[in-house]
Amino acid sequence: MASGDGGGTHLAGLVTPAGGMKVSVNPANVILNTPNSGPYMGVIDEVKTLDVQPASSTANRIDVVVVRVYDDLNPAIGSSPDERKLTVEVWTGDETTGEPGPPTLPIPAGWHPLAYIRVDSGTSAITEAMITDMRGPGLVTRGGMRALYGADALVSGDEFQSPGAY
């Protein structure tokens with residue numbers, strides 16, 4: 001489901017400036033794991049353009065672009081009733097601490113960061129230099145995609161190392 005050479009050259013889910021205070025997210029196949037409920041598989045089916053909140057005139061912040069699943073039947077995700085979808089969102093960072101940092105991430109599962117965006121005071125346009133890629137290498141090795149569930153998903157566990165762990 002993923003592609004690339006592991007050197008940061010794959011384009012799936014890449015976040016780039018889109019003019020002014022906007023970013024775009026490339027199409028991608030997505031797998032989001034959740035504790036005790038297994039993986040969600042989905043797709044960002046077209047380039048998504050997202051608005052980044054205007055910069056403060058005095059404080060810096062770090063925003064996070066995430067891919068997120070909503071599912072009201074999964075208590076680990078905490079969605080509203082009858083809400084089931086996959087989205088791409090910008091979560092606005094905290095400007096009040098004096099130190100720029102990402103927003104508090106209250107949702108324990110069902111999302112993955114695609115990029116951090118440093119929004120300095122007075123910024124009027126997002127640039128490449130402000131975006132930190134958080135997608136990882138995007139490789140699929142021999143044997144196919146491993147959509148891990150339960151004990152298989154714990155990297156420190158014996159099950160993770162077992163042949164055929166899916």
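Residue numbers start at 1 and run along the sequence shown. Because the structure is a prediction, the values reported are computed rather than measured.
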What residues form a salt bridge (Lys or Arg N to Asp or Glu O under 4.0 Å) with Asp82, not counting sequence neighbours? none

How would you list, by chain and number, every residue that makes a side-chain hydrogen bond (donor to acceptor under 3.5 Å, both in side chains) with Gln53, sequence neighbours excluded? none

Using every non-hydrogen atom in the two residues, find where Val66 and Pro113 come nearest and quote the distance to one decimal. CG1-CA, 4.0 Å

Enter the distance from Asn74:CG to Arg84:CZ here, rounded to the nearest 0.5 Å. 11.0 Å

Correct closest heavy-atom pair for Asp133 and Leu114 would be OD1-O, 3.4 Å

So, do Val69 and Lys85 sit near enough that their side-chain heavy atoms are less than 4.5 Å apart? no

Strictly by salt bridge (Lys or Arg N to Asp or Glu O under 4.0 Å), give each pair with a member in residues 11-36 just once, sequence neighbours left out. Lys22-Asp51

Keeping to residues at least two apart or across chains, list the side-chain hydrogen bond (donor to acceptor under 3.5 Å, both in side chains) pairs with something in residues 119-128. Arg118-Asp120

Can you find a pair of side-chain heavy atoms, one from Leu14 and one from Val25, that are under 4.5 Å apart? no

Apply side-chain hydrogen bond (donor to acceptor under 3.5 Å, both in side chains) to Asn60 and list each qualifying residue two or more places apart in sequence or on a separate chain. none

Asn29 side, atom CG; Asp45 side, atom CG - distance, nearest 0.5 Å: 10.5 Å

If Ile, Leu, Val, Met, Phe, Trp and Tyr residues are connected whenever their side-chain heavy atoms lie under 4.5 Å apart, and connections chain through other members, are Ile44 and Tyr70 in the same group? no

Derivation and outcome, side-chain contact (heavy atoms from CB on, under 4.5 Å), residues Val47 and Asn26: CA-CA 5 Å; Val47 173; Asn26 281 350; 4.2 Å; yes

Please report the C-alpha distance between Ile126 and Met21 in whole Å, then the side-chain angles of each, then the deciding distance to 0.1 Å, and finally whether the side-chain contact (heavy atoms from CB on, under 4.5 Å) criterion is met. CA-CA 6 Å; Ile126 304 298; Met21 295 299 285; 4.0 Å; yes

Any salt bridge between Asp71 and Arg68, counting N to O under 4.0 Å? no

For Val23 and Val15, work out which heavy atoms get closest and say how close. CB-CG1, 3.9 Å

Nearest heavy-atom approach of Ile131 to Ala115 is CG2-CB, 3.8 Å

Nearest heavy-atom approach of Ser24 to Pro17 is OG-O, 4.4 Å

Spacing of CD belonging to Glu83 relative to CG belonging to Asp72, to within rounding of 0.5 Å: 8.0 Å

Show every salt bridge (Lys or Arg N to Asp or Glu O under 4.0 Å) that has at least one partner inside residues 55-67, sequence neighbours left out. Arg61-Asp63, Arg61-Glu95

Minimal non-hydrogen separation, Ala28 against Gly13, with atom names: CB-N, 3.4 Å

For residues Thr132 and Ile62, determine if any side-chain heavy atom of one lies less than 4.5 Å from a side-chain heavy atom of the other. no

